[in-house]
Amino acid sequence: MSSTATFSPTGLWTTTPRSFALSPSHIGVICAWSAVIIYASSNSIVSLLVSIGEAAPVAGGRNAITYVNLLLLGSLISILPMCVLFRRDLTRSNVQRLTSHNWRFLTLSALLSCAITPGLFFYALAHTSVTNIVLITRIEPPLFLLAASVFLNETLSRRALIGGLVALSGAVVMISLRDGGGLGALGKGEWAAVGATLSYIASTLVTRTSLRDIPVGLFSVGRTIMGSGMYFALVCLTIGPEAFRDIFAPVLWSWIWIYAGIVIVLAQVTWNLALKYAPSDVLSLATSFSPLAAILIAMALLGETAGPGFVPGAALIMLAIIMGRKPRPPHGS
């Protein structure tokens, strides 16, 4: 059996049998779908952990497992495993090669990805349901494709764009039929989700640009360290340092590992690899599936209901996924 050089997520090229070879684009596709499933479960995991904290209050009846504690502590804990995983990227020579342009983009990505976006999402979680947030964020796939075309000069896939718009229409159907709601019933939680989605799109564009010149590991670790500091400062300025007074509570430390390991480390690693190696149309197609996964997970973990619009909305989203698929080339071509 012949052999070929194949890519590994650690940045090394190894020799493996040709029949089992995975190209960087294949790795990107796998990571894109894996990250989407992980992120689809993240809101439900966070809400479940907060409810666990409410059932086990600390002194004074306070809930130690708050959104701000989860994000800051989870980010700090995730730094060590990421340093181990990406130790080959964390070299002095790689840091010295960073230009002032690289540092500006890294700083902007940290602010958007680790402070503004999760802060808005957590605010939304505190004021509306996971299902509503999932449906609102369906504006992301078509907007991301348009933004990537305008700002990154990437080829706009009409098939993926149409698929994203169809998926968005499915979300609109679900929202319109959910508890007699509709766009006019959007509250501050839903609008926070809109703001978080726009911030997320901007952070994705910045990240995609940064990863062209910065190794994945150095970018991931650097962004997490800088973003944690920015988030801490942002919360202290807007809420006050007392927001972190229960950060050493045993109940928080008992559950933080689930959040740090799944929502932060595994999600960031797979998504950053997807951003580096997967085409934009694959990213958009994969994210189009996330509302179905997220709603089903919310139904299973939190007991939420999607409402009467779930079936027709889900049908439109599945149609969008089918429409967004690239046709297979003829066999042997």
Side-chain angles (χ1 to χ4, degrees), residues 31-58 63-75 77-78 117-138 140 167 170-171 173-175 177-179 181 187 189-190 192-193 196-197 200 246 249-271 286-311 313-315 317-318 321:
C31 287
W33 283 97
S34 300
V36 163
I37 297 299
I38 296 170
Y39 278 122
S41 66
S42 62
N43 287 335
S44 294
I45 292 175
V46 169
S47 294
L48 185 61
L49 291 177
V50 171
S51 66
I52 291 174
E54 291 174 350
V58 296
N63 180 6
I65 309 180
T66 61
Y67 297 114
V68 293
N69 284 344
L70 281 174
L71 180 57
L72 180 64
L73 185 57
S75 297
I77 289 175
S78 70
T117 300
L120 287 172
F121 269 126
F122 281 4
Y123 182 87
L125 281 172
H127 294 87
T128 189
S129 67
V130 170
T131 300
N132 281 351
I133 294 174
V134 169
L135 296 176
I136 291 295
T137 56
R138 285 310 83 215
E140 182 267 328
V173 169
M174 290 189 193
I175 294 175
L177 298 179
R178 180 176 167 81
D179 300 327
E190 286 79 9
T197 303
Y200 171 77
D246 297 317
V251 65
L252 174 61
W253 283 83
S254 297
W255 293 97
I256 192 62
W257 310 104
I258 296 178
Y259 176 78
I262 297 177
V263 177
I264 297 183
V265 176
L266 193 57
Q268 280 199 51
V269 169
T270 53
W271 185 240
T287 55
S288 294
F289 179 75
S290 64
L292 294 183
I295 291 172
L296 292 174
I297 293 171
M299 293 170 66
L301 293 182
L302 306 177
E304 292 189 2
T305 58
F310 177 71
V311 173
I317 293 173
M318 290 303 299
I321 295 174

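Keep in mind it's a predicted model, so treat the numbers as computed, not measured.
Between the CG atom in L120 and the OG1 atom in T197 there is a gap of 9.5 Å [rounded to 0.5 Å]. The CD1 atom of I38 sits 10.0 Å away from atom CD1 of I297, with the distance rounded to the nearest 0.5 Å. For the atom pair SG (C31) and CG (L266), the distance works out to 9.5 Å, reported to the nearest 0.5 Å. The CG atom of N43 sits 7.0 Å away from atom CZ of F121, with the distance rounded to the nearest 0.5 Å. Rounded to the nearest 0.5 Å, atoms CZ (F122) and OG1 (T66) are 9.5 Å apart. In this structure, the separation between OG on S47 and CG on L125 is 4.5 Å, given to the nearest 0.5 Å.
Side chain to side chain, E190 and T128 meet the donor-acceptor criterion of an N or O pair below 3.5 Å.
Side chains of T137 and Y200 form no contact here, defined as non-hydrogen atoms less than 4.5 Å apart.
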**Asked** Under the side-chain contact (heavy atoms from CB on, under 4.5 Å) criterion, do D246 and L252 qualify, and how do the steps go?
**Response** CA-CA 8 Å; D246 297 317; L252 174 61; over 6 Å; no
Open item on the list: Assess the residue pair L73 and W253 against the criterion (side-chain contact (heavy atoms from CB on, under 4.5 Å)); give the C-alpha distance rounded to whole Å, side-chain angles, the decisive distance to 0.1 Å, and a yes or no.
Closed with: CA-CA 9 Å; L73 185 57; W253 283 83; 3.6 Å; yes
List the steps, then state whether side-chain contact (heavy atoms from CB on, under 4.5 Å) holds for M299 with T131.
CA-CA 9 Å; M299 293 170 66; T131 300; 5.7 Å; no
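Scanning all heavy atoms of the two residues, the minimum distance from I65 to N63 falls at N-OD1, 2.9 Å. For the pair I52 and W255, the tightest heavy-atom approach, listed with the atom from each and the gap, is CG2-NE1, 3.6 Å. The nearest pair of heavy atoms linking V263 to S42 is CG1-CB, 3.8 Å. For A35 against T270, the heavy-atom pair with the smallest separation is CB-OG1, 3.3 Å. Contact between L301 and S44 at its shortest, heavy atoms only, is CD1-CB, 4.0 Å. Between I136 and A193 the shortest heavy-atom distance is CG2-CB, 3.9 Å.
Side chain of N69 to main chain of A64: a donor-acceptor pair is present (N/O by atom type, distance under 3.5 Å, no hydrogens or angles).
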